[in-house]
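Just so we're on the same page: letters track the sequence lines, and every chain starts at 1.
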Amino acid sequence: MPELPEVETIRRNLESHIVDKQITAVDIFLPRLVKWPSADEFRARVLKKKINRLERKGKYLLLRLQGDITLIIHLRMTGQLYIAEAGHVTDRFERIRLHLDSEEVLVYSDARTLGTWYVMPDHELGRVHGLESLGPEPLSEPFTVSYLAAIFRSRTGKIKSLLLNQELIGGLGNIYADESLALAGIYPERPANSLNSDELEALHQAINTVISQALQNAGTTFRDYRNGYRQEGHNQHHLRVYGRKGQACPICGSTIVRIETAGRGTHYCPQCQH
DNA sequence: CGGTAGACTTGTAAGG
DNA sequence: CGTATACAAGTCTACC
């Protein structure tokens, strides 16, 4: 699913529609998406609560609710979260619906049903696996070249795999990992500790550029992604390598190749990336 | 600790 | 046109 730019776009879209609104009813059509507590207990805990803030950490969305509790949503591969007019939703993949004390509802739709929902007291957020162990995000102050150098120095694993590790860098996913390596001119299966200082500099710059452009373009709709208004993003028109197997590299014209790296599809230009 | 394969789940595209 | 296939924006667990 959505990586950092997509989740952030959704957050920005939804914020003004849901902050300061009260949750007046909860429809849970697929209870197993609620990982904690039970679906019934989840409903009881969020009912009648006001939404104070909408935040994002990595690929997680956090609805800060009245009463020092937080509703945590991870969209995984195909989750969509959008605002709709009450009574005007037709979506065969709708899984959960939050009714607000406005004329709008917050709809969660998910074709592959891999998404995860939790509600936790704020002091127990550490129980949401992966949430508190996120590494620094691209474009953030602690995400520096020296940080990259430090985490890669002693690791022999493939650079592509490490870029996907959320504990090292928060928010990158398969599309932007490939795009960042393409922009930096680095072959995805290079051992991480083999990058020299110029390459580390180029990769750091490339990650920030790729994420920044994706944010400006309101995310990449390769297939399922939709923003908070159920609209497509625009960044799919600016991809260099992702999903472009057999097509020409925009830089050199060589044919883009697809391989499998650590179980994930990986796209690169054999001419530009070493 | 590091790294990888498999699992979860179901729709859609590509290809025969 | 149906599907005997392949692949998918992610992460968690088991295992070496």
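- Phosphate contact (OP1/OP2 of B/dA5, side-chain N/O of A/R264, threshold under 4.0 Å): absent.
- Here A/F93 lies in heavy-atom contact (under 4.0 Å) with sugar-phosphate atoms only.
- At least one side-chain nitrogen or oxygen of A/H74 sits closer than 4.0 Å to the OP1 or OP2 atom of C/dT11.
- Nearest nucleotide to the A/H267 side chain, out of B/dC8, C/dA8, B/dT10: C/dA8.
- Atoms CG (A/N174) and C1' (C/dA8) sit 9 Å apart, rounded to a whole Å.
- A/E15 and A/R12 are not joined by a salt bridge, as no carboxylate oxygen comes within less than 4.0 angstrom of a charged side-chain nitrogen.
- Here C/dA4 sits opposite no nucleotide as a Watson-Crick or G-U wobble pair (both hydrogen-bonding atom distances under 3.5 Å).
- Nearest-nucleotide positions on DNA chain B for A/G263 and A/R155 put A/R155 closer to the 5' end.
- When the side-chain nitrogen and oxygen atoms of A/T78 are compared with OP1 and OP2 of B/dT9, none of them lie within a distance under 4.0 Å.
- At whole-Å resolution of the value, CG in A/L162 and C1' in B/dG3 are 10 Å apart.
- Closest contact between the side chain of A/R223 and the listed nucleotides C/dG10, C/dT13, B/dG11 involves B/dG11.
- In this entry the distance linking CZ of A/F222 with P of C/dG10 reads 12 Å, nearest Å.
- Counted by atom type alone, A/R32 and A/T113 present one or more donor-acceptor pairs between their side chains at under 3.5 Å.
- Contact annotation: A/K59 side-chain N/O to C/dG10 OP1/OP2 distance is under 4.0 Å.
- Taking only side-chain nitrogens and oxygens, A/Q166 never comes nearer than 4.0 Å to OP1 or OP2 of C/dG10.
- Across B/dA5 and C/dC7, the matching P atoms stand 15 Å from one another, rounded to whole Å.
- The distance from atom CG of A/L65 to atom CD1 of A/I69, rounded to the nearest 0.5 Å, is 4.5 Å.
- The pairing partner recorded for B/dT9 is none, the criterion being a Watson-Crick or G-U wobble arrangement whose two distances lie under 3.5 angstrom.
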